[in-house]
2 protein chains.
Amino acid sequence: MKQGEKTKKLILDASNELFYQKGYGSTSFGDIMQKIGLSKGNITYHFKNKEEILKGIVDKRLKEISITIKLWEEQTSDSKKRLRLFCQMIIDEQENIEKYGCPLGTLTSEFSKHKPKLYKIALPMFQTFREWLAKEYQSLGLGINIADEKAMSLLSKVQGVAMVTHVFKDRDFLLKEIESIKKEL
Amino acid sequence: MKQGEKTKKLILDASNELFYQKGYGSTSFGDIMQKIGLSKGNITYHFKNKEEILKGIVDKRLKEISITIKLWEEQTSDSKKRLRLFCQMIIDEQENIEKYGCPLGTLTSEFSKHKPKLYKIALPMFQTFREWLAKEYQSLGLGINIADEKAMSLLSKVQGVAMVTHVFKDRDFLLKEIESIKKEL
DNA sequence: GTCTATAAGAAGATAGAC
DNA sequence: GTCTATCTTCTTATAGAC
């Protein structure tokens, strides 16, 4: 990898972490470049503007989501078990969720009210999960509409748990509630 | 009411609305004062700083929450019905929730990651509902710990619905899901 | 109490030296 | 490619006239 590509990747990784931990709006170019030990003037050599960084992050995350889903599908062909693997993700990430909330939910929420351009960039991450969940519910014999409703319902439950866990800093709640959601599947 | 008090109330009402619709961070003094047709230089005559406006809003909302709860308690002494009235609130506010999310959830989330001072100001609104829900679950014969868990669980479900409804702009989902939550109570 | 004008600071973005 | 310095814009907050 060339030096330029290397720095670009460093900026993306640092931004991804900071956008999650502090939020997009509260993360400045200074924060990002300080984290990787370069001067902040550098950032616009690698990215035209802040929005382009977000796009880079979403691309990166979408690829990671695809890989995660592929792993779940390789682990089992049982759709009910796959849905449980989806829920398990929240348990695996419990520490980060308690501290920072859901990485998808908090980012998308930050944009949904009044930043339509950024919202459109971030939304596909959510949609990917929604569509995959609906597909798995269809495999369980549900019609396409009901399957999508069930997908939304599961997304909703998991987002609620992440949100309340984060707001009340209560990881015990996360564990109990996710287990209960898994059982009800 | 004196003129000063009148203007102060106007600022609080306008801020309350804008903080909900645009978010706290994205609402400027200019936005607020433009909404009520006064010069923006005026604002610090009535409030020391932006944080004080937030405090005023939270005070106002806490009073409204108390009144709402009192109304629910007057409507029925059946705790299960009271819990359903809590859920019904989301249905009554469906239009706003679709557009702007939950007024409590989105505000608290905005602060929870990296603005601890503002977070502490906003949190009591959530706690009020949590404690009241737990009290009602206790009335249904549950022990104090289980009652609190059930309160968290209901808060979580409702927050999830509000969040997903807002992010996907899907009011139909809200209606179906809240009705389903009510039935399961 | 409200106005206009402005200070002070932060953030995104640009320019030119090295 | 990275640095330092600077520009511009926005926002909170202040000062003084009316």
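Here the structure is a predicted model, which is why all the values come from computation and not from measurement. Order of the sequence lines fixes the chain letters, A, B, ..., with proteins taken first and strands second; residue numbering starts at 1 for each chain.
Mapping B:G37 and A:I43 onto DNA chain C by nearest heavy atom places B:G37 at the nucleotide closer to the 5' end. Mapped onto DNA chain D by nearest heavy atom, B:G25 and A:H46 fall at different nucleotides, with A:H46 at the one closer to the 5' end.
Contact annotation for A:K6: no contact, since no heavy-atom pair falls under 4.0 Å across all strands. Residue-level contact check: A:K40 touches the bases, meaning some heavy atom is under 4.0 Å from a base atom. Contact annotation for B:S26: no contact, since no heavy-atom pair falls under 4.0 Å across all strands.
When distances are taken from the side chain of A:S28 to each of C:dT14, D:dT11, C:dA11, the shortest belongs to C:dA11. Listed nucleotides: D:dT4, D:dG1, D:dT11. Nearest to the side chain of A:S39: D:dT4. Taking every side-chain heavy atom of B:L38 into account, C:dT2 is the closest of D:dA13, D:dT14, C:dT2. Distances were taken from every side-chain heavy atom of B:N42 (C-beta onward) to each of C:dC3, D:dT14, D:dC3; the shortest belongs to C:dC3. Relative to the side chain of A:T7, the nucleotides D:dA13, C:dG12, D:dT2 differ in distance, and D:dT2 lies closest. Of the candidate nucleotides D:dT2, C:dT2, D:dA13, D:dT2 has the atom nearest to the side chain of A:Q3. In the set C:dT2, D:dC3, C:dA13, C:dA13 carries the atom at the smallest distance from any side-chain atom of A:N49.
If you take CZ of B:F29 and P of C:dA5, they are 20 Å apart, rounded to a whole angstrom. Following rounding to the nearest Å, A:K50 (NZ) and D:dT9 (P) show an atom-to-atom distance of 19 Å. The distance between atom OH of A:Y24 and atom P of C:dG12, rounded to the nearest whole Å, is 8 Å. What separates CD1 of A:I11 from C1' of D:dT2 is a distance of 11 Å, to the nearest Å. As rounded to whole Å, 9 Å separates atom C1' of D:dT2 from atom CE of A:M33. The CZ-P distance, from B:F47 to D:dT14, rounds to 15 Å in whole Å. Residue B:I53 contributes atom CD1, which lies 14 Å from atom P of D:dT11 at whole-angstrom precision. Summarising the geometry, the separation between CD on A:Q34 and P on D:dT4 is reported as 13 Å, rounded to the nearest angstrom.
Annotation: the span from B:K150 atom NZ to B:L133 atom CG amounts to 12.0 Å, rounded to 0.5 Å.
Salt bridge annotation for A:E179-A:K176: absent, with no cationic side-chain nitrogen under 4.0 angstrom from a carboxylate oxygen. Classification of A:K135 and A:E73 as a salt-bridged pair holds, one side-chain N sitting under 4.0 Å from a carboxylate O. Salt-bridge annotation for A:E52 and A:K55: present, with a side-chain N of the basic residue lying under 4.0 Å from a carboxylate O of the acidic one.
A:Y45 has no side-chain polar atom (N or O) that falls below the 4.0 Å cut-off from OP1 or OP2 of D:dT2.
Classified by interplanar angle (parallel below 30°, tilted 30° to 60°, perpendicular above 60°), the ring pair A:W132/A:F86 is tilted.
Taking a 6.0 Å sphere around CG of B:L62, one finds it holds more than 12 heavy atoms contributed by other residues, nucleotides or ligands.
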